[in-house]
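Contents: one structure, followed by commentary.
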Amino acid sequence: MASIYRKQTIKVSISIIDAVPLYFAIFILGLILLASIRESSSTSEPVKGNLLLGRPCDEIYVVGEGETLHTISDKCGDPFIVEHNPHIHDPDDVFPGLVIKITPSKPRKLSR
């Protein structure tokens, strides 16, 4: 009788020990999600175009509200945006969210 009770106790202990890493991983994931929500909600000013942390132009650029190819070209130093982006059929039809490739040929201007 004592042997059966001991086996059951050992099985329960082992199952608890096996569950601890799972609960710890869920706890850590929750902390990470909570930190990312707090971090993203602390931004009170919307980001326009790629003006993020003083880096206005990267190789891949997402067009922001009110931007034109001319303003992007001046800001990023790439006078050949249309030539490098064959998916742009009409240079006047640029919209927010359009992804373009930037190849700067002169030093970039840092503007806000």
Side-chain angles (χ1 to χ4, degrees):
M1 180 79 168
S3 162
I4 294 173
Y5 179 71
R6 181 180 289 152
K7 286 182 182 179
Q8 287 177 346
T9 304
I10 291 172
K11 285 182 183 179
V12 169
S13 298
I14 290 173
S15 65
I16 291 172
I17 291 171
D18 287 342
V20 168
L22 174 66
Y23 291 124
F24 183 72
I26 291 171
F27 176 73
I28 295 297
L29 182 62
L31 286 178
I32 292 170
L33 289 174
L34 181 64
S36 68
I37 290 171
R38 281 187 177 173
E39 195 172 292
S40 66
S41 66
S42 67
T43 307
S44 61
E45 190 175 308
V47 177
K48 181 178 179 184
N50 278 6
L51 293 179
L52 182 63
L53 301 175
R55 295 175 41 194
C57 303
D58 287 324
E59 184 177 341
I60 302 298
Y61 187 89
V62 180
V63 177
E65 182 90 21
E67 291 185 308
T68 64
L69 289 182
H70 181 73
T71 60
I72 296 168
S73 174
D74 285 347
K75 179 172 37 175
C76 298
D78 184 2
F80 304 106
I81 292 176
V82 176
E83 288 82 359
H84 296 157
N85 295 279
H87 63 281
I88 299 176
H89 302 291
D90 183 6
D92 296 326
D93 188 26
V94 177
F95 52 90
L98 178 67
V99 177
I100 58 176
K101 178 182 176 187
I102 300 292
T103 311
S105 61
K106 61 182 179 180
R108 300 183 223 174
K109 296 179 182 178
L110 289 178
S111 62
R112 282 204 168 210

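Bear in mind that the values here come from a model prediction, so they are computed numbers and not experimental data.
One N or O on the side chain of Asp78 and one on the backbone of Phe80 form a donor-acceptor pair closer than 3.5 Å. Side chain of Asp90 to main chain of Asp92: a donor-acceptor pair is present (N/O by atom type, distance under 3.5 Å, no hydrogens or angles). Between the side chain of His84 and the backbone N or O of Ile100 there is no donor-acceptor pair closer than 3.5 Å.
Heavy atoms only, all atoms of each residue included: Pro79 and Ser73 are closest at CA-OG, 3.4 Å. Looking at every heavy atom in both residues, Tyr61 comes nearest to Ile72 through CE2-CD1, 3.7 Å.
Between the side chains of Asp93 and His89, no donor-acceptor pair is found at a separation under 3.5 Å.
Using a 4.5 Å cut-off between side-chain heavy atoms of Ile, Leu, Val, Met, Phe, Trp and Tyr, with links allowed through other members, Ile32 and Phe24 fall into the same hydrophobic cluster.
Atom-to-atom distance recorded for Ile102:CD1 and Cys57:SG is 6.0 Å, nearest 0.5 angstrom. Taking CD1 of Ile81 as the reference point, atom CG of Asn85 lies at 7.0 Å (rounded to 0.5 Å). Of the inter-residue distances, the one linking Asp74 atom CG with Thr68 atom OG1 reads 8.0 Å to the nearest 0.5 angstrom.
Looking only at side-chain heavy atoms (C-beta outward), His87 and Val99 stay at 4.5 Å or farther from each other.
For Glu59, the CD atom sits in a loose shell: 12 or fewer heavy atoms of surrounding residues, nucleotides or ligands are nearer than 6.0 Å.
The hydrophobic cluster containing Leu33 also includes Leu29, under a criterion of side-chain heavy atoms closer than 4.5 Å among ILVMFWY residues, counted directly or through chains of members.
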Test log, rule side-chain contact (heavy atoms from CB on, under 4.5 Å), inputs Leu69 and Ile88: CA-CA 10 Å; Leu69 289 182; Ile88 299 176; 4.3 Å; yes

